[in-house]
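Worksheet for the structure shown next.
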Amino acid sequence: MEEAYETLKKIAETTGYGSMKKKMELFISLLKKASPIEVKYLLRTITERLRLGIGDSTIMDALSIAFTGKKENRAVIERAYNISSDLGYVASVLAKEGLEGVEDIKIQIGRPIRPMLAERMAIPSFILKKLGGKAGAEYKYDGERIQVHRKKNEFHLFSRRLENITDQFPDLIEFLKESIPEECILELEAVVIDLSSGAIRPFQDLMNRRVKYVTRFHIMMYPVAGFIFDIMYLNGEDLTVKPYPERRRVLERNIKITDRINLATRKIVDNVKDLENFFLEAIESGCEGLVCKSLQKDSIYQAGKRGFLWIKYKRDYKSHLADTFDLVVVGAFYGRGQRTGYFGSLLMACYDPETDQFKTVCKVGTGFTEDDFRRLDEILSEHQIDHKHPRVNSILTADIWYEPYLVLEITGAELTLSPVHTCGWDKIKLNRGLGLRFPRFTGRYRFDKKPKMQQQRRS
DNA sequence: GTATACGTCCGCC
DNA sequence: CTCAGACCCATTCGG
DNA sequence: CCGAATGGGTCTGAGGGCGGACGTATAC
């Protein structure tokens with residue numbers, strides 16, 4: 001175990017010229033010493049596909065039973081894990097100090113809290129019903145979720161997956177210094193804005209900020225703003241146990257609004273009409289939709305949990321509002337894991353009569369049922385060809401090519417400028433085509449449409 | 001010997 | 001990020 | 001009244017677009 005661990009660590013830390021070769025040698029040396037079953041788990045370890053059927057929650061149950069004799073104490077362990085994000089640390093406290101030690105684990109500045117997550121729903125009336133007839137609806141900004149920790153001039157920023165991204169946003173930290181309390185943990189959505197109009201720029205722009213060294217150039221070209229939507233800790237007080245309306249009030253009282261730092265736009269709604277109108281307003285402002293939050297007594301900050309206290313309502317969940325596209329299958333990529341032997345995804349294109357070509361828009365690998373896989377396999381095998389079809393225009397190289405024949409209905413959130421998809425190439429931006437964000441199969445086969453007749457429908 | 005292109009991975013969504 | 005399917009567990013249904 | 005069926009909640013493992021990082025191959 002120790003040798004495997006040390007070698008893997010060495011592999012991870014190897015960098016520079018010839019590093020790939022060195023990494024390979026290290027791993028080969030490890031494999032040579034391993035038994036067949038060890039090889040299996042070493043491979044699974046480095047490919048991050050351990051597939052043991054044991055997740056965090058099973059480990060917490062196990063810890064509870066092992067150190068306290070019963071499963072009931074898992075809640076205590078879970079709480080400590082959710083506010084520290086470090087199960088190894090919780091386990092070591094449990095082993096050394098027992099359950100009391102774990103109970104004493106508190107929120108600490110600099111230690112990320114596991115983020116609370118939202119469920120999704122497509123029908124406004126159901127959302128209201130679920131939340132008890134009334135909800136705090138907030139704009140869902142299309143940016144990056146950031147957990148901010150502050151103690152005086154000490155700042156820590158964490159991404160949704162709890163990566164430390166403090167160095168990514170030096171400008172944001174400066175703005176926060178003027179706006180937020182001196183000792184707190186809160187959450188915001190960071191977006192890139194247009195300085196002259198204040199408009200929110202697309203998510204893609206924010207990605208330009210994911211550089212190793214943020215310079216004045218990045219700060220100038222991709223100026224960010226933060227929309228704060230929750231607070232979990234203030235001046236030594238744990239606010240995660242307080243209901244959402246109270247946390248929102250704390251924010252309203254303690255945040256100084258500037259042109260760069262604001263609270264997430266919110267409205268209390270208690271009927272479908274208001275909810276729908278507010279939703280349209282959000283879309284109009286460049287947001288993805290709404291997050292509807294429970295206003296009830298139990299609406300605490302449930303760290304690490306995906307529940308119905310928060311409900312996402314996005315445009316593309318509603319099929320009649322979503323852009324749907326009838327696209328032609330022109331290729332496929334081999335599936336992995338459970339999809340070995342089937343396709344993992346299909347390469348989808350639309351017909352351009354101007355050039356008489358099929359140009360790609362997206363790959364699609366989700367939305368298929370097990371039946372769909374069998375059925376599609378059967379239909380497509382009849383149309384398989386050896387080489388890319390002469391009229392298919394694709395930068396990507398599929399594992400299998402098909403003659404353009406089958407039309408499927410695909411839905412997605414929006415079109416983005418794409419460096420790899422050829423549809424609309426150069427039309428909107430030079431050296432860019434159009435790609436579909438969050439593509440998925442709707443389940444509808446368009447046997448009624450011929451490949452060249454497929455046309456897009458949009459709301 | 002340097003510059004550029006390419007392939008792969010990673011972490012956002 | 002989305003989606004399908006498996007699994008868990010509590011509640012309801014039917015013999 | 002108790003076991004089977006049902007259904008909501010949650011988890012797992014498939015898959016997507018995109019921009020940047022980084023190592024390697026190739027061009028000049």
Side-chain angles (χ1 to χ4, degrees), chain A residues 12 14-24 46-58 61 117-122 126 130 140-146 158-165 168 189-192 202-214 218 222 288-289 302 304-309 312 314 316-317 322 332-340 342-348 360-373 395-397 410-421 432-443:
Chain A
T14 302
T15 55
Y17 191 81
S19 61
M20 278 297 135
K21 211 172 153 216
K22 189 92 218 297
K23 281 167 190 263
M24 204 72 87
I46 64 155
T47 54
E48 290 184 271
R49 278 170 219 276
L50 217 44
R51 306 211 292 151
L52 296 173
I54 297 174
D56 295 354
S57 41
T58 311
D61 279 345
L117 304 170
E119 269 297 344
R120 354 162 323 170
M121 285 182 98
F126 286 15
K130 193 91 195 173
K140 187 179 189 307
Y141 298 88
D142 188 12
E144 180 172 2
R145 181 174 182 173
I146 298 179
F158 298 100
S159 73
R160 208 203 88 143
R161 287 203 166 81
L162 308 180
E163 298 284 331
N164 190 325
I165 51 167
Q168 221 83 71
E189 189 81 8
V191 295
V192 173
F203 176 75
Q204 266 171 300
D205 285 12
L206 188 66
M207 292 292 93
N208 297 116
R209 287 295 290 261
R210 314 203 101 256
V211 289
K212 201 165 177 186
Y213 303 104
V214 174
H218 298 104
Y222 308 104
E288 292 182 285
Q302 292 186 313
K305 207 164 140 42
R306 187 186 296 281
F308 282 95
L309 291 179
K312 276 190 280 190
K314 287 170 70 168
D316 52 300
Y317 296 164
F333 296 85
Y334 298 132
R336 309 148 97 98
Q338 293 169 342
R339 297 221 189 143
T340 306
Y342 290 102
F343 64 86
S345 64
L346 299 175
L347 184 59
M348 308 301 297
T360 69
V361 190
C362 66
K363 295 197 283 176
V364 61
T366 193
F368 305 108
T369 63
E370 284 175 358
D371 265 356
D372 288 327
F373 282 106
I395 292 170
L396 296 170
T397 308
I410 306 297
T411 188
E414 62 179 340
L415 289 169
T416 53
L417 289 168
S418 171
V420 294
H421 289 294
R432 285 286 185 279
L434 291 170
L436 187 61
R437 191 178 182 201
F438 309 143
R440 60 262 195 198
F441 177 46
T442 61

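Below, chain A is the first sequence line, B the second, and so on; all start at residue 1.
Take Lys140(A) and apply the side-chain hydrogen bond (donor to acceptor under 3.5 Å, both in side chains) test, not counting sequence neighbours, and it matches Glu288(A). Applying the side-chain hydrogen bond (donor to acceptor under 3.5 Å, both in side chains) criterion to Arg437(A), with sequence neighbours excluded, gives Asp142(A), Glu414(A). Residues passing the ring pair (Phe, Tyr, Trp, His ring centres under 6.0 Å) test with Tyr222(A): none are found, sequence neighbours excluded. In this view, Phe158(A) and His149(A) satisfy the ring pair (Phe, Tyr, Trp, His ring centres under 6.0 Å) rule, not counting sequence neighbours. Partners of Tyr342(A) under the side-chain contact (heavy atoms from CB on, under 4.5 Å) rule, at least two apart in sequence or in another chain, are Phe373(A), Arg374(A), Asp377(A). With sequence neighbours left out, Gln302(A) forms a side-chain contact (heavy atoms from CB on, under 4.5 Å) with Met116(A), Ile300(A), Lys305(A), Leu309(A). A search for side-chain hydrogen bond (donor to acceptor under 3.5 Å, both in side chains) contacts involving Asp372(A) returns Thr369(A), Tyr445(A), not counting sequence neighbours. Here Thr366(A) pairs with Arg440(A) under the side-chain contact (heavy atoms from CB on, under 4.5 Å) rule; sequence neighbours left out. With sequence neighbours left out, Arg161(A) forms a side-chain contact (heavy atoms from CB on, under 4.5 Å) with Ser159(A).
Rounded to a whole Å, the OH atom of Tyr334(A) is 14 Å from the P atom of dG15(D). For the pair Lys212(A) NZ and dG11(B) P, the computed distance is 14 Å after rounding to whole Å. Between Leu396(A) atom CG and dG16(D) atom P there is a gap of 10 Å when expressed in whole angstrom units. When rounded to the nearest whole Å, the span between CD of Glu414(A) and C1' of dC1(C) equals 11 Å. The separation between Arg306(A) atom CZ and dC3(C) atom C1' is 12 Å, rounded to whole Å. Atom OH in Tyr342(A) sits about 12 Å away from atom P in dG5(C), given to the nearest Å. The distance between atom CG of Leu309(A) and atom P of dT10(D), rounded to the nearest whole Å, is 10 Å. As a whole-Å value, the separation of His218(A) NE2 from dG19(D) C1' is 11 Å.
Distances from the side chain of Lys314(A) to the nucleotides dT2(C), dC18(D), dC12(B) place dT2(C) closest. Checking dT2(C), dC12(B), dG19(D) against the side-chain heavy atoms of Arg440(A) singles out dT2(C) as nearest. With dC13(B), dG16(D), dG20(D) as the candidates, the nucleotide lying closest to the side chain of Glu288(A) is dC13(B).
In this structure a side-chain-to-backbone donor-acceptor pair under 3.5 Å is missing from Arg145(A) to Arg160(A). A donor-acceptor pair is defined here as one N or O able to donate and one able to accept, closer than 3.5 Å; such a pair exists between the side chain of Arg209(A) and the backbone of Gln168(A). In this structure a side-chain-to-backbone donor-acceptor pair under 3.5 Å is missing from Glu144(A) to Ala190(A).
For Arg432(A) and dC18(D), the shortest distance from a side-chain N or O to OP1 or OP2 is not below 4.0 Å. Residue Arg210(A) has no polar side-chain atom (N or O) positioned under 4.0 Å from OP1 or OP2 of dG11(B). Close to dT10(D), at under 4.0 Å from its OP1 or OP2, lies a side-chain N or O of Lys305(A). The side chain of Lys130(A) places no N or O atom within less than 4.0 Å of a non-bridging phosphate oxygen (OP1 or OP2) of dG8(D). For Ser159(A) and dC12(B), the shortest distance from a side-chain N or O to OP1 or OP2 is below 4.0 Å. Applying the 4.0 Å criterion to OP1 and OP2 of dG16(D), one finds that Ser345(A) has a side-chain N or O inside that range. For dC18(D), one of the phosphate oxygens OP1 or OP2 lies less than 4.0 angstrom from a side-chain nitrogen or oxygen of Ser418(A).
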Tabulated below should be each protein N or O lying under 3.5 Å from an N or O of nucleotides 6-10 of chain C; please produce it.
none

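By the 4.5 Å heavy-atom criterion applied to side chains, Thr360(A) and His421(A) are counted as neighbours.
Counting non-hydrogen atoms under 4.0 angstrom, Leu206(A) reaches nothing in the nucleic acid. Counting non-hydrogen atoms under 4.0 angstrom, Phe368(A) reaches the backbone sugars and phosphates but no base. Residue contacts for Arg209(A): at a heavy-atom cut-off of 4.0 Å it reaches no nucleic acid atom on any strand shown. No engagement by Lys140(A) is indicated, since no non-hydrogen atom pair under 4.0 Å with the nucleic acid exists.
Rounded to 10°, the angle separating the first-five-pair axis and the last-five-pair axis of the helix from dG1(B)-dC28(D) to dC13(B)-dG16(D) equals 10°. In the helix from dC1(C)-dG15(D) to dG15(C)-dC1(D), the end axes, each obtained as the rotation axis mapping the C1' atoms of four pairs onto the next four within a five-pair block, lie 10° apart to the nearest 10 degrees.
Taking atom C1' in both dC10(B) and dC1(C), the straight-line distance is 15 Å, to the nearest Å.
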